[in-house]
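Reading through the structure tokens given below for one structure.
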Amino acid sequence: MLQRDFFNRDPEIVAKALLGKTLVRKIGNKTLKAKIVETEAYYDDSDPASRACKGGDLRETMSMDAGTILVYGVHNNWLINFVTGKEGSAQAVLLRALEPLNFSERCNGPGLLTKALKIGKELHKKDVCECNELWLEDSGEKIEIASSHRIGVKKDLAKNLRFFAKGNKCTSR
DNA sequence: CGCCAGATTGACT
DNA sequence: GTCAATCTGGCGG
């Protein structure tokens, strides 16, 4: 299981390191497992794409400890992020796509994966390092990483902050 | 409380 | 490729 030190780094590093890791979601007596195949890094005020940096509760959540789960609602979908960096830095990594390991719902999109794993506001602000409903495991798998500009973001930075497993078919469009 | 933007998706040209 | 439905949070009145 991944500990806080894993998240306590630059979001770009965490986004890359997250690829290939196993996301475990426990619902009652069911356990769903999926491999992370696509992520995006988000920064603080210097990042115009992040609505979460505009203020309010989301900004506050992004400034919390690394490893905090941040659930963000847009266009009737929930998007899940993990807070990264040191406390107060307001940085996060967005999960964009997963490869299902022991179930078959499509997870090739940020809104789809939250739906498949039944992730909602209940997990907002929970600590992924100490949560018994959602956590991450190191699969030990090495992934070939590719990068691109972020998707769906209107005001993107001039930097490639989207990372995905090269050749994997479960990435978003 | 109303208005608006937005890190989306699915259907359609 | 384009388009609009649909919901939540932020902000102004």
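Letters A, B, ... are given to chains in the order of the sequence lines, protein chains preceding strands, and every chain is numbered from 1.
Less than 4.0 Å separates DNA chain B from at least one heavy atom of each of the following residues of residues 107-121 of chain A: A/Gly109, A/Pro110, A/Gly111, A/Leu112.
Here B/dG6 presents its P atom at 18 Å from CH2 of A/Trp78, a figure rounded to the nearest Å. Atom NZ in A/Lys54 sits roughly 17 Å away from atom C1' in C/dT8 (whole-Å rounding). The CZ atom of A/Arg106 sits 9 Å away from the C1' atom of B/dT9 (whole-angstrom rounding). The interatomic distance linking A/His124 (NE2) with C/dG9 (C1') rounds to 10 Å, in whole Å.
Distances from the side chain of A/Asn76 to the nucleotides B/dA7, C/dG9, C/dC7 place C/dC7 closest. Of the candidate nucleotides B/dA7, B/dA11, C/dG10, B/dA7 has the atom nearest to the side chain of A/Leu79. Picking from B/dA7, C/dG10, C/dT2 the nucleotide with the shortest atom distance to the side chain of A/Leu94 gives B/dA7. Nearest nucleotide to the side chain of A/Asn77, out of C/dG9, B/dT9, B/dA7: B/dT9. With distances taken from any side-chain atom of A/Asp57 to the nucleotides C/dG10, C/dT8, B/dA7, the minimum falls on C/dG10.
Checked options A/Val93, A/Leu70, A/Thr84, A/Val153; the residue passing with A/Tyr42 is A/Val153 (criterion: side-chain contact (heavy atoms from CB on, under 4.5 Å)). Each of A/Ile36, A/Val37, A/Thr171, A/Asn108 was scored for a side-chain contact (heavy atoms from CB on, under 4.5 Å) with A/Glu99, with one residue passing: A/Val37.
Through side-chain heavy atoms spaced under 4.5 Å, either directly or across other Ile, Leu, Val, Met, Phe, Trp or Tyr residues, A/Met1 is tied to A/Val24, A/Trp135.
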DNA chain B in dot-bracket, Watson-Crick or G-U pairs under 3.5 Å, [ ] crossing, | other strand? ||||||.|||||.
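Applying the 4.0 Å criterion to OP1 and OP2 of B/dT8, one finds that A/Arg96 has a side-chain N or O inside that range.
If you check every strand for non-hydrogen atoms under 4.0 Å, A/Val153 touches sugar and phosphate atoms only.
At least one donor-acceptor pair under 3.5 Å links the side chain of A/Ser139 to the backbone N or O of A/Gly20.
For A/His75 and C/dA5, the ring-to-base geometry does not satisfy the stacking test (centroid distance below 5.5 Å, interplanar angle below 30°).
In this structure, A/Arg96 and A/Arg150 have side chains that are not in contact, with every pair of non-hydrogen atoms separated by 4.5 Å or more.
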